[in-house]
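Below is one structure, written out as structure tokens; comments come after it.
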Amino acid sequence: MTATLTTRGRIAVITLDHPPVNGLSLATRRAVAAAIDAAEDDAGIDAIVLTGHAQVFCAGADITEFGSPKAITEPHLISLITRFENCSKPVVAAIGGTCMGGGLELALGCHYRVAGRGVKVALPEVKIGLVPGAGGTQRLPRALGVEPALNMIISGEPVAAERLAQLPGQRLLDAIVDPAEVLDTAVALATERAGLRPLPRVRDLKATHPSPDAYFRFVRNSVAAMSRNVPAPVKCVDCVEQAVKSRIDDGLTFERETYLALMVTPESRALRHAFLAERAAGKVADLPAGTPPRPVERVGVVGAGTMGTGIALNFLAAGLPVVLVEQSQAALDKGVAALRGVLEGQLKKGKLKPEALEARLALLRPTLDWAALADADLIVEAVFEDLAVKQQVFERLDGIAKVGAILASNTSTLDVDRIAAFTRRPQDVLGLHFFSPAHVMKLLEVVRGQATAPEVLLGALAVGKRIRKTCVVSGVCDGFIGNRMVEHYFRQAGFLLDEGASPQQVDRAMEKFGFAMGPFKVSDLAGNDIGWAIRQRRAVERPELRYSMLADTLCEAGRFGQKTGAGWYDHVAGSKPGRLEALPSPVVAQMIEAHRQKQGITPRRIPDDEIVGRLVGALVNEGARLLEEGIAARASDIDIVYLTGYGFPAWRGGPMCWADTQGLFNVVQAMKRYARNPHDDATFWQPAPLLRRLANDGRTFN
Ligand code: NAI
């Protein structure tokens, strides 16, 4: 059963029971409809309470049913809400836990609502490119007031119930109590109001605003400016305007039509894909059922550099004690100062309370005494990217770490299996590849070595979740999922310069596509010397892999990027204090010109869609190879890596989703075209066999 019916005296209690979030699947809707029928027909019942459980009242529609016939099979959500609204007996929603989306719309169909303090209430549909589709845009403004309702709808952000209860004139919440008392209060309210008629319905209230025309014009303009790439936020404004200006039934029809039109937009498809992909990421199919994850309660971090300090901050924020070790007191002091600096910065911005700062620092134990690592359940190594140094560290850890401790390397390019082999416990070793800044970036690539034990992998995934990372499992290869693909993205960016584009044009095209920064601005930010070092290594390991030599010439001239004031751009002090401005560099333009002459290339005008096609196409082709090799388990995992680690625009759903949207047949045709370009890399552009097969079969990655 996905909903149960019980009684408390003359009150029927319908409890949603569809773990984990009481999603309104077809089965749940049927069970709820049957329960309300039974309660209404029962002469021994005077009123009805609808409730969920302590954590979740109802998180809304079952997103896995989106687009499937189940979503529109009766009773669909709209019918169910109407059923509650028209019930001849009073219905009280007892909201003891999270109430989102369709859950809030359902509650708005009830006659009374009681909520617990601290309960989160939201209409988050805009985040998946939609407007609320079951009356939310019409009923919430009537219940809450136009402005607060519209703010909730266009942001999609949760608001604490008690804040809503304080809004003057609000009719959303009839009582706000301690979460433990929600059900009892709702039953008492139902009993008290059982005989009261007419039943109060949100649909009968008016949504009013003193100057609607000016208000909606203002909001529409601001929202349009902030959300140029996605239609949903402006549509939310349109719907709420209808709530003010039309009769409710017309408003509901308008909302429904808007919802259905948005449902088939590529932006909403992509955002829904990303939502589901995020939930699928980190799930590993081939582990024995019932494998217990290795518990992690105490953490060790080796190396207090850029990454080590960021990594430590994550665990401290999650309340886990961290032992931080270094090779010298100076390096340790520097690391602790950097870590403290981040916390103090958060304090200044009001993101952290003074007591939380103290609590975090109290959990940190910086030391040069490696024996302090003996208690750690997980030790993350973040020392120099040098195999000999890693060997030293892992051999030493092998002698110190307790039996069963997880030993993780944060290496970005070295072979995790070789690192594991430096210990006598390769089954306990894996990669935990954090992204910089490690305390900010959501992505964590969990690198599964050949010998990594299932419980070690699961332990790492569990602690990854605890520190609020989005974990994606990667097999062992150079660069893992993200960096292996991105190398080809940057290679293409270089070839485009050879052939006629400028760094500004490439960056502009990618920014128009939706990235916050194009590849050349990213390189200048990260430091061009990093890519230079990788290319030097590559020249030995894979001499056949061709690059534009321009980036090397740039580095030879000392133009490492922002840190040297010059890279692909000239970085000068901007109009805002502390901000750098990136200006096109005449020196770089000359460098490019000279390079083309030397290569005998006559520059051509390159259209923006070729720039996008080649840069994103390069990600897609390498992504398909990763899938085929089993390095990535799912195309959606690759999308998540790019959405959470590389700034890929969310509303495009990631590179593999983008390829699906283009149609894989078209993607293959484009690759064949690129392969015929004499200045490009024809071998690379042979479509990956998996891509070719899917395209031939008319299928998609996701
Ligand atoms: P870093 O140079 O900032 O820090 C390395 C720290 O390790 C230094 O403080 C150094 O004193 C310490 N160290 C070196 N040898 C040691 C030893 N034997 N025992 C104890 N401490 C030792 O380097 P960063 O950037 O933090 O990188 C660390 C690791 O993280 C590398 O493997 C790197 O490839 C990886 N990584 C770096 C990213 C980045 O953006 N910087 C991103 C993802 C991974």
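For ligands, and for the atoms within them, numbers begin at 1 and follow the listed sequence. The residues of the chain are indexed from 1 along the displayed sequence.
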- Item | K334 contact mode with ligand 1 (heavy-atom cut-off under 4.0 Å) | neither

- Query: Is the number of heavy atoms from other residues, nucleotides or ligands within 6.0 Å of CZ (R468) greater than 12?
  - Reply: no

- Note on the structure: Contact region, A331 to ligand 1, non-hydrogen atoms below 4.0 Å, reads side chain

- Task: Identify the protein heavy atom lying closest to atom 2 (O) of ligand 1, giving its residue, its atom name and the separation to 0.1 Å.
- Result: F384 CE2, 3.4 Å

- With a cut-off of 4.0 Å, which atoms of ligand 1 are near a heavy atom of T306? 3 (O), 25 (O), 26 (O)

- Query: Looking only at protein heavy atoms, which one is nearest to atom 43 (C) of ligand 1, and how far off is it?
  - Reply: F434 O, 3.2 Å

- Distance to 0.1 Å, residue and atom name: give those for the protein heavy atom nearest to atom 6 (C) of ligand 1. E326 OE2, 3.6 Å

- Message: Using a 6.0 Å cut-off, check whether atom NZ of K353 has over 12 heavy atoms from anything other than its own residue.
- Response: no

- Query: Any idea which atoms of ligand 1 are less than 4.0 Å away from a heavy-atom of T411?
  - Reply: 32 (O)

- What protein heavy atom is closest to atom 5 (C) of ligand 1, reported as residue, atom name and distance in Å? A382 O, 3.6 Å

- Message: Distance alone, cut at 3.5 Å: any donor-acceptor contact between the side chains of D333 and Q329?
- Response: yes

- Task: Examine ligand 1 and decide if any of its atoms is less than 4.0 Å from a heavy atom belonging to E381.
- Result: no

- Run through R418, R538, R484 and flag the one making a salt bridge (Lys or Arg N to Asp or Glu O under 4.0 Å) with D478. R538

- Query: Does atom 34 (O) of ligand 1 have a protein heavy-atom neighbour under 4.0 Å away?
  - Reply: yes

- Checking ring-ring contact (aromatic ring centres under 6.0 Å, His included) for the pair F520/Y569: CA distance, chi angles, key distance, verdict? CA-CA 8 Å; F520 295 106; Y569 293 83; 7.9 Å; no

- Item | R294 with D428: basic N within carboxylate O range, under 4.0 Å | yes

- Item | Candidate with minimal heavy-atom separation from atom 28 (C) of ligand 1, of L414, N410, V383, L332 | V383

- Query: Can R652 and V616 be said to form a side-chain contact (heavy atoms from CB on, under 4.5 Å), step by step?
  - Reply: CA-CA 11 Å; R652 294 206 188 260; V616 185; over 6 Å; no

- Message: Can you name the atoms of ligand 1, numbered from 1 with element, that are less than 4.0 Å from a heavy atom of K390?
- Response: 31 (C), 32 (O)

- Is it true that the NZ or CZ of R614 lies under 6.0 Å from the centre of F495's six-membered ring and within 45 degrees of the ring axis? no

Which atom pairs, one a donor and one an acceptor, fall under 3.5 Å between side chains of residues 297-324 and the rest of the protein, sequence neighbours left out?
{"unit_1": "E297", "atom_1": "OE1", "unit_2": "R466", "atom_2": "NH2", "d": "3.2"}
{"unit_1": "E297", "atom_1": "OE2", "unit_2": "R466", "atom_2": "NH1", "d": "3.3"}
{"unit_1": "T309", "atom_1": "OG1", "unit_2": "G305", "atom_2": "O", "d": "2.8"}
{"unit_1": "T309", "atom_1": "OG1", "unit_2": "T306", "atom_2": "O", "d": "3.2"}
{"unit_1": "N314", "atom_1": "OD1", "unit_2": "K469", "atom_2": "NZ", "d": "3.1"}
{"unit_1": "N314", "atom_1": "ND2", "unit_2": "G310", "atom_2": "O", "d": "3.1"}
{"unit_1": "N314", "atom_1": "ND2", "unit_2": "A438", "atom_2": "O", "d": "2.9"}

- Option with minimal heavy-atom separation from atom 17 (C) of ligand 1, where the choices are Q327, E385, M307: Q327

- Query: Starting from atom 4 (O) of ligand 1, which protein heavy atom do you reach first, and at what distance in Å?
  - Reply: G305 CA, 3.2 Å

- Message: Tell me which pairs pass side-chain hydrogen bond (donor to acceptor under 3.5 Å, both in side chains) where either residue lies in residues 271-280, with sequence neighbours left out.
- Response: S268-R272, H273-D639, E278-T470

- Within a reach of under 6.0 Å around CD of Q536, are more than 12 heavy atoms found that belong to other residues, nucleotides or ligands? yes

- Message: Counting only nitrogen or oxygen atoms and a 3.5 angstrom limit, does H433 reach ligand 1?
- Response: no

- Task: Ignoring hydrogens and angles, state whether a donor on the side chain of D680 or W685 is under 3.5 Å from an acceptor on the partner side chain.
- Result: yes

- Look at atom 18 (N) of ligand 1 and say which protein heavy atom is nearest, naming residue and atom and giving the distance to 0.1 Å. V393 CG2, 3.7 Å

- Task: Please report which non-hydrogen protein atom sits nearest to atom 19 (N) of ligand 1, along with the residue it belongs to and the distance in Å to one decimal place.
- Result: W370 CZ2, 3.4 Å

- Does R396 come within less than 4.0 Å of ligand 1, judged by its heavy atoms? no

- Message: Looking only at protein heavy atoms, which one is nearest to atom 40 (O) of ligand 1, and what is the separation?
- Response: S436 CB, 3.3 Å

